[in-house]
Amino acid sequence: MMTHQYSPGTAADEEETYDVVVCGAGSAGSTVAGLLAADENLRVLLLEAGGDDADDRVSDPDRWFENIASERDWGWLTEPGTGLGNRRLLYSMGKGLGGGSSINAGVWSRGHRRDWDDLAAVSGDPRWDYRSVLGSYRELETWRGAPDLERRGTAGPMHIQPAQPLHPFFSAMLDGAEAAGLDRYDSPNGELAEQGSGCAVRDEIISDGVRCSAYRALVAPRSEQRNLTVRTRTLITRVLFDGDRAVAVEAISDGRPVVFRAAHEVVLSLGAVQTPKVLMQSGLGPARHLDQVGIDVRQDLPGVGSGLDDHLQFGCVWEAADARQLPPPSRAQAVCFWEGDGRERSPQFVMYSGGAPFMSPEAQARYGAPQSAFSFLLGMRLRTRGSVRLADAGPATAPVIETCFLDDPADLRDAVGAYRFAEEVAHSEAMRPYLGSRSVPAGLSDAEVAAYIRTAAVTFWHQCGTARIGTDTDVNAVVDSELRVRGCDGLRVADASVLPRVTSGNTMAPAMVIGHRAAGLVRA
Ligand SMILES: Cc1cc2nc3c(=O)[nH]c(=O)nc-3n(C[C@H](O)[C@H](O)[C@H](O)COP(=O)(O)OP(=O)(O)OC[C@H]3O[C@@H](n4cnc5c(N)ncnc54)[C@H](O)[C@@H]3O)c2cc1C
């Protein structure tokens, strides 16, 4: 059995004391640490398992996909999925300073008005509603597009701009989407975020051609401050307690055990896979599961690791008329949102595009990937939820991740419907100059489209929901509306794990809003 009581002076080769220990330097953790460090009286420690971000593959937004399966990617593998024809998925998540915000596609997508209003309802706290969250966004952003003082910030650390210069392919995509019935908006994060459906040029975290990650925007400018310490290559293994109070974290740094004491608070921002993993390693999780893997139960929290949510992603692929007309494969400058059957209160589908055949390795093997093609990348919200569990009590052991993608036949039916919408856009008049002779695979019945999607589907990397927010009466809630872990003092979770549902778009910006809120709560 592992024990979790903190006893000073044991095991660790080294001990250091700070006021707040922020665990994980990703989108949310960098936001928490950077904002807290603004108070020079607060000693802030930011711990990160990965390395630094000094690499062209991070700074050059066009090279983002080169980070996938690199040392900057945790590179998890999911369990074989029934709905996916027993395939395992590469389940990428950012590793290193900036976390996901250093390796992602750079899209800034705030989430729909109803996503935040629903979060306020689930948490029982109106301070999470859309109007309140707009305040966080205004503080985080310096918006470089058409002025919108109600919604957009003008002096925040994150430089956000509409994609530019716009490649003609994406203008054609937007024209095609309009022809298929979507209204066009100035930005996905303005009025469109308050409507059910629409399309727009995407917003991105790029400033003068360089990625503006959460780490670069919020932490790096403070790197000379004496009250802020950043330690990379430090793997956090568990939280240590004195009674019910979190007082330290235990970590492995350069192969040696280290304890970092927090006089005030510990904040976990390890992302939606490792936040529940470290909670469980600390004895906070579903009691039966902890018993099975031999960890003493500190607090029975059934919701830890449950409720894993994400967008399913699959590529709808068409041969291109002329490869020279296509944008670089890594660019996706336009976005479409649309509603489903009304089950979701905000858009069920999101669609980007790119100048390459985006297909899973299995789909490429089965259907063949054309040399020259473009894809519409479809993301959809699902009825099912997955889970993150421990394989054993070892901190270095990879977790067991089940996505449950497409386990519900109704999701597959919705996915086929979404494919048909993408087809309509691809066959629009505006897209004609780009469209080659066939889709890949060609000429599909609904049953064949369904079979293709089962083979082609992957993650959209929007993992969330594994330590979700909720009220006292919600048995699966892991944190309260102030992000405090139930049954403990001095411990908060601030990252995408707390989202009860994947937001309608990408999840970096929402994770940063959670980090922004957490910093305010820690300071309060
Ligand atoms: C390939 C890819 C493309 C994406 N594209 C987009 C996009 O264009 N737009 C968008 O909005 N979202 C995108 N996302 C998703 C987005 O980046 C994430 O949703 C977001 O970064 C989540 O923020 P987070 O703070 O919850 O976790 P993360 O940003 O993942 O941060 C967690 C941090 O904790 C560290 N960590 C984990 N475990 C430990 C441990 N035990 N000890 C110490 N450190 C640890 C990690 O290394 C990481 O740095 C993409 C993600 C990926 C992987």
Side-chain angles (χ1 to χ4, degrees), residues 21-32 46-51 53 61 64-76 90-111 188-189 202-206 211 213-215 231-239 249-253 260 267-279 281 309-311 313 330 332 335 350 352 377 379 395-396 399 458-467 493-499 502-503 505-515 518:
V21 176
V22 181
C23 305
S27 304
S30 293
T31 308
V32 179
L46 178 60
L47 295 172
E48 168 57 43
D53 65 346
W64 66 273
F65 57 90
E66 294 176 43
N67 294 296
I68 293 177
S70 76
E71 74 282 6
R72 291 181 202 289
D73 177 3
W74 285 93
W76 308 117
L90 174 63
Y91 210 53
S92 293
M93 295 181 89
K95 182 178 188 180
L97 296 179
S101 75
S102 284
I103 70 161
N104 68 24
V107 178
W108 184 251
S109 186
R110 295 168 156 206
N189 295 308
R202 83 170 196 184
D203 289 354
E204 54 194 21
I205 54 165
I206 297 175
R211 173 191 294 274
S213 73
Y215 177 80
R231 275 183 73 145
T232 54
R233 307 207 179 280
T234 303
L235 180 79
I236 290 140
T237 52
R238 61 188 172 132
V239 181
V249 297
E250 183 187 74
I252 311 276
S253 189
F260 299 99
V267 180
L268 293 185
S269 301
L270 304 169
V273 166
Q274 300 228 56
T275 284
K277 183 171 187 290
V278 168
L279 284 171
Q281 285 165 192
D309 203 6
D310 193 355
H311 282 109
Q313 177 182 207
S330 57
V335 60
V350 55
Y352 294 96
L377 300 170
V458 292
T459 168
F460 223 133
W461 314 292
H462 296 160
Q463 298 93 341
C464 61
T466 48
V493 171
D495 62 21
S497 315
V498 307
L499 288 171
V502 69
T503 48
N506 316 57
T507 38
M508 165 180 53
M512 292 186 68
V513 157
I514 292 161

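Atoms within each ligand, like the ligands themselves, are counted from 1 in listed order. Since the structure is predicted, the reported quantities are computational estimates derived from the model, not experimental observations. Heads up: numbering here begins at 1 and tracks the sequence.
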Nearest heavy-atom neighbours spanning [X] and [Y]:
| X | Y | value |
| --- | --- | --- |
| Cys23 | Ile236 | CB-CD1, 3.3 Å |
| Gly50 | Thr232 | O-CB, 3.2 Å |
| Thr459 | Gln313 | O-NE2, 3.0 Å |
| Leu90 | Gly75 | CD1-CA, 3.8 Å |
| Gly505 | Ser109 | CA-OG, 3.5 Å |

Exercise. Is there a donor-acceptor pair closer than 3.5 Å between any side-chain N or O of Asn67 and the backbone N or O of Trp64?
Worked result: yes
For this session: Verify, without hydrogens or angle tests, whether Asn189 (side chain) and Trp108 (backbone) share a donor-acceptor contact under 3.5 angstrom.
Result: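 Pair found, side chain donor or acceptor close to backbone of Trp108.
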Sub-4.0 Å atoms of ligand 1 with respect to non-hydrogen atoms of [X]:
| X | result |
| --- | --- |
| Gly96 | 47 (O), 49 (O) |
| Gly94 | 46 (C), 47 (O), 48 (C), 49 (O) |
| Ala105 | 3 (C), 4 (C), 5 (N), 6 (C), 7 (C), 8 (O) |
| Gln274 | 37 (C), 38 (N), 39 (C), 41 (N) |
| Ser92 | 53 (C) |
| Ala511 | 23 (O) |
| Gly99 | 29 (O), 48 (C), 49 (O) |

May I ask you to check whether [X] has an N/O atom sitting below 3.5 Å from an N/O atom of ligand 1?
| X | answer |
| --- | --- |
| Trp64 | no |
| Ile103 | no |
| Ala28 | yes |
| Ile236 | yes |
| Met508 | yes |

Minimum-distance protein heavy atom relative to [atom]:
| atom | value |
| --- | --- |
| atom 47 (O) of ligand 1 | Glu48 OE2, 2.6 Å |
| atom 39 (C) of ligand 1 | Leu270 CD2, 3.5 Å |
| atom 26 (O) of ligand 1 | Ala496 N, 3.0 Å |
| atom 10 (C) of ligand 1 | Asn506 CB, 3.1 Å |
| atom 6 (C) of ligand 1 | Asn104 CB, 3.2 Å |
| atom 19 (O) of ligand 1 | Thr507 OG1, 2.7 Å |
| atom 52 (C) of ligand 1 | Trp461 CB, 3.3 Å |
| atom 44 (N) of ligand 1 | Ala49 N, 3.0 Å |

Problem set entry | Beyond-backbone contact of Asp309 with Leu499, side-chain heavy atoms, under 4.5 angstrom | no
Problem set entry | Validation row: Thr466, Val273 side chains within 4.5 angstrom (heavy atoms) | no
Problem set entry | Contact with ligand 1 for Ser109, non-hydrogen, under 4.0 angstrom | no
Exercise. Counting only heavy atoms, which portion of Ser269 has something under 4.0 Å from ligand 1: side chain, backbone, both, or neither?
Worked result: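 It is the backbone that gets close, since no side chain atom is under 4.0 Å.
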Problem set entry | Under-4.0 Å heavy-atom contact with ligand 1, by part of Trp74 that carries it |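 Only the side chain of Trp74 comes within reach of ligand 1.
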Option nearest [atom] (shortest heavy-atom distance, choices [options]):
| atom | options | result |
| --- | --- | --- |
| atom 8 (O) of ligand 1 | Val107, Thr234, Thr459 | Val107 |
| atom 27 (O) of ligand 1 | Gly271, Ala251, Ala509 | Gly271 |
| atom 30 (O) of ligand 1 | Gly100, Gly26, Ala69, Pro395 | Gly100 |

Please round to the nearest 0.5 Å and tell me the distance separating atom [atom1] of [X] and atom [atom2] of [Y].
| X | Y | atom1 | atom2 | result |
| --- | --- | --- | --- | --- |
| Glu48 | Leu270 | CD | CG | 8.5 Å |
| Ser92 | Asn104 | OG | CG | 11.5 Å |
| Ile103 | Trp74 | CD1 | CH2 | 12.0 Å |

Problem set entry | Donor-acceptor side-chain pairing of Thr275 and Asp495 below 3.5 angstrom |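 Yes, side-chain donor-acceptor contact under 3.5 Å.
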Exercise. Would you say the side chains of Ser253 and Arg231 form a donor-acceptor pair under 3.5 Å?
Worked result: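 Per modelled atom types, Ser253 and Arg231 side chains form a pair under 3.5 Å.
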Exercise. Which residue pairs pass the side-chain hydrogen bond (donor to acceptor under 3.5 Å, both in side chains) test with at least one member in residues 22-32, sequence neighbours excluded?
Worked result: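 For residues 22-32: none.
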